[in-house]
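Only one structure is covered here, and it is reproduced in the block below.
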Amino acid sequence: MAVIELLLNGEKKSVDVDPQMPLLWAIRDYAGLTGTKFGCGIAQCGSCTVLVDGGPIRSCAVTTAAVEGLEITTVEGLAKDNEHPVQQAWIEEQVPQCGYCQSGQIMSAVALLDKNSNPSDAEIDDAMSGVLCRCGTYPRIRRAIKKAAKI
Amino acid sequence: MKTSTISRRKFMQLTSVSGVFLAVGCVPGSRGEERIANISNDVSLALNQFISIGQNSRVTLFNHRPEMGQGTFQSIPMILAEELEVDINNVIIKQSEADQEKYGWQMVVGSHSIQNEFEKLRKMGAAAKEILLQAAADQWGTTISDCVAKNGVVTCSSSGKSLSYGELVEAASKLKAPEEPKLKDPENFSVIGQSVPRQDIPLKTNGKAIYGIDISVPGMLHASIERSPVFLGEVLDFNEKEVLAVPGVKHVFKTQRNVFGRNREGVAVLAESYWAAEQGRKALKVRWNNGDLESNTSASIMEEFRKASNGKGDELFSRGNAYEVFSKSQEVMEASYEAPYQSHVPMEPMNAIVSVKNNSAEFWGSTQNPNGIRSYLAKQLEIPEENVKINYTFMGGGFGRRSLTDVAEEAADLSKKAGVPVKVTWTREDDQTQGPFRACSLNVMRGVLKNGKVVALEHKVVSQEIRNQTGENMTAGRQLMGGINTEYAITNLAVRGVLRKLYVPISYWRAVYHSTNPFAHESFIDELAVKAGKDPLDFRLEMMKDHARFRKVLEVVAEKTNWYGTKKPNTGRGVAICERSGAHFAMVVEVERKDGRVKPTKITTALDLGICVNPDTVKAQTEGSVVMGLTAAYYGLTIEKGRIAEQNFDTYPLLRIGECPEIVTHIIQSTADPDGAGESGLPTVAPALVNAIFDLTGRRIRKLPVDLRKIS
């Protein structure tokens with residue numbers, strides 16, 4: 001065990017954990033932010049996506065020690081009350097069904113739009129292909145990203 | 001599509017209430033109480049178990065069905081609001097407690113929530129409205145027929161006076177509600193049939209929605225369980241000492257769960273954190289007694305099915321005498337179709353927390369079946385049901401998997417052994433390799449054409465049956481014929497079932513046997529159409545000319561896809577129809593060959609499900625059914641050495657966004673009672689897809705999964 005200082009949603013958070021433990025569990029079980037989800041544990045489904053220094057990463061496949069001091073943003077850190085354009089677009093398009101993968105979808109969309117303010121269909125598919133949705137919300141995700149790009 | 005709009009700010013205010021509520025454990029306490037605490041410090045009075053109204057007129061509606069993505073969290077309150085005459089966008093929606101006596105059966109399966117509860121919910125709303133009207137009439141010294149309720153206000157027609165529901169609720173709560181209140185004419189519905197935004201959605205865009213996996217309770221231990229990969233394998237021994245030496249690990253216990261009458265053994269590692277439990281499990285070595293089960297493979301199971309298909313089978317449906325026609329015919333067409341095992345794959349891995357105490361128990365988790373867990377715990381622990389508290393949350397997908405109580409059984413067993421609350425969390429590998437699964441099946445079809453018409457058809461299903469996995473009764477039941485269309489005007493029709501007892505556990509999976517039987521049935525109808533030289537859609541229309549609902553959905557899908565127009569080069573299209581939970585639907589899949597690859601580009605569904613409560617939700621469900629249907633057409637599980645070969649998403653993927661075609665859903669306007677929406681569309685995906693592939697390539701796919709990379 002080791003004390004690791006995380007920079008989580010702009011706040012410093014010390015966690016006393018196995019440094020090899022994936023960041024996902026530090027966020028969920030130690031920092032108490034449960035919006036980031038466990039889906040597969042092998043970086044295949046994207047439910048655990050968070051931003052590290054603005055880029056999307058699979059938090060189930062990165063050790064807690066590896067991100068010490070880096071800026072981590074989870075879905076809880078996007079806005080106080082769903083004000084982020086991606087969240088607004090997600091609500092307007094009524095994207096989520098069960099909602100479980102949606103934090104990963106939203107964080108991936110945020111990262112995409114930060115880099116590319118007007119993505120094409122192919123660019124959306126490419127950026128979002130790592131996040132699986134069992135409920136089948138993909139058509140709405142495409143629409144919501146296009147809408148968010150205009151907000 | 002009409003979409004109701006409300007200010008986003010108001011929406012947030014409303015939904016944040018249920019957010020807080022769900023975050024603290026999701027179950028309101030109103031059992032046996034007249035008054036319930038209201039968030040706004042106002043006194044709220046229950047007019048019945050579904051409806052509470054505050055003296056500030058704030059209306060709270062209770063949704064009694066668990067929410068797994070299907071959207072009844074919104075559509076059940078919509079039905080109440082319609083008859084109660086309140087603004088659906090200005091109510092608080094809360095999840096009800098789990099109490100079968102009070103709410104009836106709460107399990108969410110088979111697309112039943114709206115169709116089974118529709119009348120009851122309308123009556124609940126209407127009865128509450130009637131006592132509010134009566135309270136107003138009493139106050140004004142007039143009759144109920146002189147009073148009109150609208151938008152939470154009662155107005156007296158003769159005097160023009162009005163009173164809000166909040167002003168009337170105290171008096172109304174003392175009146176006896178009528179058992180048979182007057183219901184609205186569906187022609188006058190103003191909530192039902194409108195696309196109303198779902199109140200659960202804002203919670204699902206900011207991380208506030210709470211799922212079972214997100215819950216922690218004080219003093220709990222985390223359990224990770226190694227279960228026999230060969231399903232019925234028994235624990236011989238395990239290295240307890242080494243596992244206990246792993247930091248954070250507290251206990252190692254043998255455990256079990258019962259899946260449809262058969263015991264499944266495992267070894268559980270209990271630790272202070274999920275991660276520590278996983279580390280302990282990595283150090284765990286279990287020796288299993290697998291008997292001779294390791295000789296099983298997918299091929300050996302299909303071989304067993306094929307042999308069994310030679311038997312006569314059990315009669316499930318019969319009209320005319322198909323066998324007599326076969327015996328006298330020169331040419332009997334025959335084809336067989338195979339579908340593999342599938343895992344449910346809810347994105348939220350299975351989990352449950354149970355705390356067992358002396359004479360009580362408590363459950364926290366995501367479940368489709370709160371009543372089932374409650375009665376299981378009461379029975380198993382020999383305690384009264386009222387001493388079992390069920391806290392159910394949003395589910396990160398269910399698809400049938402969460403209708404079982406097995407994970408709660410594991411948690412209860414471990415909590416009893418450890419003496420503290422225990423949270424069991426399955427890994428993705430556990431989820432994919434342990435089942436219970438959607439059954440694999442072999443469907444054998446035979447048919448005879450005469451003058452371009454089908455004169456005889458036999459559909460024989462060879463599979464396992466969910467309710468009969470212990471093999472006590474090997475007679476096939478009607479469940480096995482789910483999705484086999486007996487409405488076609490075919491004079492001689494026989495449906496037969498052949499059951500096999502296998503050691504592979506199976507269960508209800510979205511649409512159940514409707515997810516496999518129509519693949520064979522609707523593919524074979526297409527094969528017959530081709531043989532008869534008929535257009536496959538016309539062929540179906542001809543055989544459905546006396547069936548108004550099927551005819552209508554076929555006509556709509558033909559029109560919307562320009563079926564009779566000129567087909568573009570390098571494209572193909574296929575059609576299929578089905579009925580599921582009362583809903584009738586037709587689907588057209590369009591495929592395109594581009595750069596040497598064939599892929600679906602557009603999937604159009606016409607759906608008649610009677611009254612449609614929340615059309616946007618029904619469209620979302622159809623989109624979900626299409627995506628799940630495509631996933632099941634492309635991927636399947638295989639058994640090697642007696643166990644599932646595909647461990648995780650790397651070998652058993654889900655459809656990805658780039659593979660998702662355009663999905664268009666047309667809902668037929670209707671005033672008939674509602675049918676089920678949650679599985680509609682799924683049964684037709686595979687047959688319409690393979691029919692389209694045939695149309696484009698001339699190649700007939702009779703075995704799922706189909707690898708599109710191998711089609712050109």
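Letters A, B, ... are given to chains in the order of the sequence lines, protein chains preceding strands, and every chain is numbered from 1.
When heavy atoms are compared at a cutoff of 4.5 Å, Met395(B) approaches chain A solely by way of its backbone atoms N, CA, C and O. Neither the backbone nor the side chain of Ser366(B) comes within less than 4.5 Å of any heavy atom of chain A. Contacts of Ile663(B) with chain A are made by side-chain atoms alone, with heavy-atom separations under 4.5 Å and no backbone atom involved. Only the side chain of Asp18(A) comes within contact range of chain B, with at least one heavy atom under 4.5 Å from a heavy atom of that chain. Contact of Ile141(A) with chain B is made through the side chain alone, with heavy-atom distances under 4.5 Å. For a residue to count as touching a neighbouring chain, one of its non-hydrogen atoms must lie under 4.5 Å from one of that chain's; by this rule Gln432(B) does not touch chain A. Both the backbone and the side chain of Arg134(A) come within less than 4.5 Å of a heavy atom of chain B.
For chain A, the option among Gln621(B), Arg510(B), His344(B) with the highest count of heavy-atom pairs below 4.5 Å is His344(B). Highest contact tally toward chain B, considering only Cys133(A), Gly99(A), Cys101(A), is held by Gly99(A) [criterion: heavy-atom pairs under 4.5 Å]. Ranked by heavy-atom pairs under 4.5 Å with chain B, the list Glu76(A), Gln102(A), Met128(A), Arg28(A) is led by Arg28(A). Here Cys98(A) is the residue among Gly136(A), Cys98(A), Ala122(A), Gly41(A) with the most heavy-atom pairs under 4.5 Å with chain B. Chosen from Ile42(A), Leu78(A), Ile124(A), the residue pairing most often with chain B at heavy-atom distances under 4.5 Å is Ile42(A). When each of Gly71(B), Cys660(B), Pro653(B), Pro661(B) is checked for heavy-atom pairs under 4.5 Å with chain A, Cys660(B) comes out on top. For chain B, the option among Met21(A), Gln105(A), Gln87(A) with the highest count of heavy-atom pairs below 4.5 Å is Met21(A). For the options Val17(A), Val131(A), Ile106(A), Val95(A), heavy-atom pairs under 4.5 Å to chain B are most numerous at Ile106(A). Interface remark: of the candidates Glu429(B), Arg656(B), Arg428(B), Gln70(B), Arg656(B) forms the most heavy-atom pairs closer than 4.5 Å to chain A. Heavy-atom pairs under 4.5 Å with chain A were tallied for Gly207(B), Ala620(B), Gly398(B); the largest tally goes to Ala620(B).
Between Trp25(A) and Phe38(A), the gap from one ring centroid to the other is short of 6.0 Å. Phe73(B) and Phe394(B) have their aromatic ring centers within a separation under 6.0 angstrom. Ring centroid separation for the pair Trp509(B) and Phe399(B) does not come in under the 6.0 Å cut-off.
For the side-chain hydrogen bond (donor to acceptor under 3.5 Å, both in side chains) test with Thr74(A), the passing option among Thr49(A), Asn9(A), Thr36(A) is Asn9(A); the others fail. When each of Arg143(A), Arg142(A), Arg140(A) is tested with Glu93(A) by the rule salt bridge (charged side-chain N to carboxylate O under 4.0 Å, His left out), just one qualifies, namely Arg143(A).
Side-chain N or O atoms of Ser47(A) include none that pairs as donor or acceptor with a backbone N or O of Gly39(A) at under 3.5 Å. Checked by atom type and distance alone, the side chain of Glu348(B) pairs as donor or acceptor with a backbone atom of Gly396(B) at under 3.5 Å. Although no hydrogens or angles enter the test, the distance criterion places no donor-acceptor pair under 3.5 Å between the side chain of Glu646(B) and the main chain of Tyr652(B).
In this structure, Glu679(B) CD and Ser111(B) OG are separated by 3.5 Å, a value rounded to the nearest 0.5 Å. From Ser224(B), atom OG reaches atom CG of Asp430(B) across 6.0 Å, with rounding to the nearest 0.5 Å.
Side-chain contact, Asn82(A) with Thr205(B): a donor N or O sits under 3.5 Å from an acceptor N or O.
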